[in-house]
Protein chains: 2
Amino acid sequence: MSGRISDSTVRRLSLYLRMLRDLERAGVEFVSSSQLAEPSGATSAQVRKDLSHFGSFGKRGRGYSVDGLVRALENILGLSRSWRLALVGVGKIGSALLGYGGLAARGFDVVAAFDVDEAKIGTRAHGLRIRPMRELRPVIAECGAEIGVVATPTEVAAEVAAELERAGVGAILNFAPIELSEVNGVPIRTVDIVLELEGLSYLMSESGRRTGSDA
Amino acid sequence: MSGRISDSTVRRLSLYLRMLRDLERAGVEFVSSSQLAEPSGATSAQVRKDLSHFGSFGKRGRGYSVDGLVRALENILGLSRSWRLALVGVGKIGSALLGYGGLAARGFDVVAAFDVDEAKIGTRAHGLRIRPMRELRPVIAECGAEIGVVATPTEVAAEVAAELERAGVGAILNFAPIELSEVNGVPIRTVDIVLELEGLSYLMSESGRRTGSDA
DNA sequence: CCGCCCTTGTGAAAGGTTTCACAAACCAAG
DNA sequence: CTTGGTTTGTGAAACCTTTCACAAGGGCGG
Ligand SMILES: NC(=O)c1ccc[n+]([C@@H]2O[C@H](COP(=O)([O-])OP(=O)(O)OC[C@H]3O[C@@H](n4cnc5c(N)ncnc54)[C@H](O)[C@@H]3O)[C@@H](O)[C@H]2O)c1
Ligand SMILES: NC(=O)c1ccc[n+]([C@@H]2O[C@H](COP(=O)([O-])OP(=O)(O)OC[C@H]3O[C@@H](n4cnc5c(N)ncnc54)[C@H](O)[C@@H]3O)[C@@H](O)[C@H]2O)c1
């Protein structure tokens, strides 16, 4: 049980948890692996295999207790607590994030925001005072933010990520379209919209080529 | 050559292309698979294998012609043209996207924007008139947008995606945290920030458990 | 033209993930 | 208590991706 778990398994666990919370709210008590599989596009065998890496949560013939599995998954994913985020770069995407209620609703609280723009420093965005970069280290140390968010221009993203890492965050979410290399075991996830669009471009071009050559 | 290409291969091809464009701008003429591999965290063998699915682009002993490979990858990925995007939902994330120069710079032009909010309809955001949903079909047909972008609240995301598909887009980029099922072969990519954060949460909790149980 | 060095392209091996298929377990009903 | 219907947990098989390792090819200096 529980060796190294793949990214795709963890991703699916999050999706299962989402559905389980909906079921919990709806008052459902038991759920089977096949019901659980449907919304994430997985198979029932995959659900069972994913869960089996962490233990044995179901009852044969009955399925999984919704409440029990919600708690188990929250523990596995580290979501039985909330996490504090420090945002760097309060521009277009940074402001959108600050105003995004979906983060706090799921236990991710933005507790500090930083920028270099003198015009922005000191002003408030969605109730949070924007601070100068100089205060990055002390403020992160003081408020204990665990996750750093990079929403600065691409050119400075690597530098900002390194600074966040030195300030003591345990993970980084990056919005700049650049592959940041993980240092000191601090995991980095990059949300790269252009990469997604290029993936779609490939698929559309490919299907065009396929149907095109058939004609 | 060229069977079904995996997502991860396509993703890496995009990263290679990024680097190649930088090299081109810098006037470099040839590049080896190992140089190409570095920024995307791949290995040189992987670069060669990825490219070999589409043909033979290098010269043994010499490497790849930067210009030649840029054009080859642009063709493979469908990036030797530009794509038109139709945005639905001009809220926080939608506005950030409209103002994001990085899209047009890479050949993705937002050519139409839609919303249901009467207060927003008719106003301009970053030079684009916001249109009522009623005009979705005719406008997409007229301007020929190929990619639909869903930036509406989660509850209506599935409905909006279906509407975009009916309006004739060939692919959808979705920002709502919900798994949309592909219909009629229209590929959908979802950018799910909360899922990324939960992945980081898992990694941090896991390393905590590991170091914790060793102590 | 020759020989040396370098790098590609690619089968084969290794490693990882998903699917299959079934025994084991549980519940409910009789 | 036994039977029947249901669903889990899991080895084994199938499938897919990455890495290895090397022959084949190309350029360059002499
Ligand atoms: N706008 C979008 O929709 C969007 C979408 C995807 C990705 N991105 C990426 O996100 C990043 C930010 O994009 P944006 O559109 O919000 O840009 P923006 O210019 O609106 O905002 C960038 C902010 O970062 C601040 N900044 C600059 N240098 C800094 C530094 N060294 N330290 C701290 N703060 C600094 C600026 O003052 C500004 O407030 C870019 O890398 C962009 O490619 C943006
Ligand atoms: N704000 C963020 O940073 C952020 C980040 C990640 C994901 N998201 C997701 O993106 C989506 C939009 O978030 P947001 O923060 O921009 O919300 P928002 O409320 O600011 O904007 C939503 C917009 O969609 C419009 N809308 C509502 N119903 C519509 C319909 N049926 N058709 C067309 N338009 C409609 C609204 O009028 C509004 O303008 C949500 O699903 C959210 O979970 C947002």
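Computed from a prediction, not measured in an experiment: that's the story for all the values here. Order of the sequence lines sets the chain letters (A, B, ...), proteins ahead of strands, with each chain counted from 1.
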Novice: Is it true that A/R62 and A/E29 make a salt bridge, defined as a side-chain N closer than 4.0 Å to a carboxylate O?
Specialist: no

Novice: Flag the pair A/E146 and A/R81 as a salt bridge only when some basic side-chain nitrogen lies within less than 4.0 angstrom of an acidic carboxylate oxygen.
Specialist: yes

Novice: Indicate yes or no: does B/D192 engage A/R18 in a salt bridge with an N to O separation below 4.0 Å.
Specialist: yes

Novice: Reading nucleotides 2-8 of chain D 5' to 3', which nucleotides get B (base under 4.0 Å from a protein heavy atom), which S (sugar-phosphate only), which -?
Specialist: ----BBB

Novice: Do B/E74 and B/S80 have a side chain donor and acceptor closer than 3.5 Å?
Specialist: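 No, B/S80 and B/E74 have no side-chain donor paired with an acceptor closer than 3.5 Å.
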
Novice: Would you mind classifying the nucleic acid contact of B/R4 as base, sugar-phosphate or nothing, using non-hydrogen atoms under 4.0 angstrom?
Specialist: nothing

Novice: Please find the pair of heavy atoms, one from A/A113 and one from A/L98, that lie closest to each other, and give the distance.
Specialist: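 Taking every non-hydrogen atom into account, CB-CD1, 4.5 Å.
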
Novice: Is there a donor in the side chain of B/Q35 and an acceptor in the side chain of B/S32, or the other way round, less than 3.5 Å apart?
Specialist: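 The answer is yes; a qualifying pair exists.
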
Novice: Under a 4.0 Å N-O cut-off, is there an ion pair linking B/R11 with A/E198?
Specialist: no

Novice: How would you list, by chain and number, every residue that makes a side chain to side chain contact (heavy atoms under 4.5 Å, CB included) with B/S8, sequence neighbours excluded?
Specialist: B/S6, B/R12

Novice: Taking any atom closer than 4.0 angstrom to a non-hydrogen atom of chain A, what span of DNA chain C does the protein reach, first nucleotide to last?
Specialist: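 From 5' to 3', the first and last contacting nucleotides are C/dT17 to C/dC27.
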
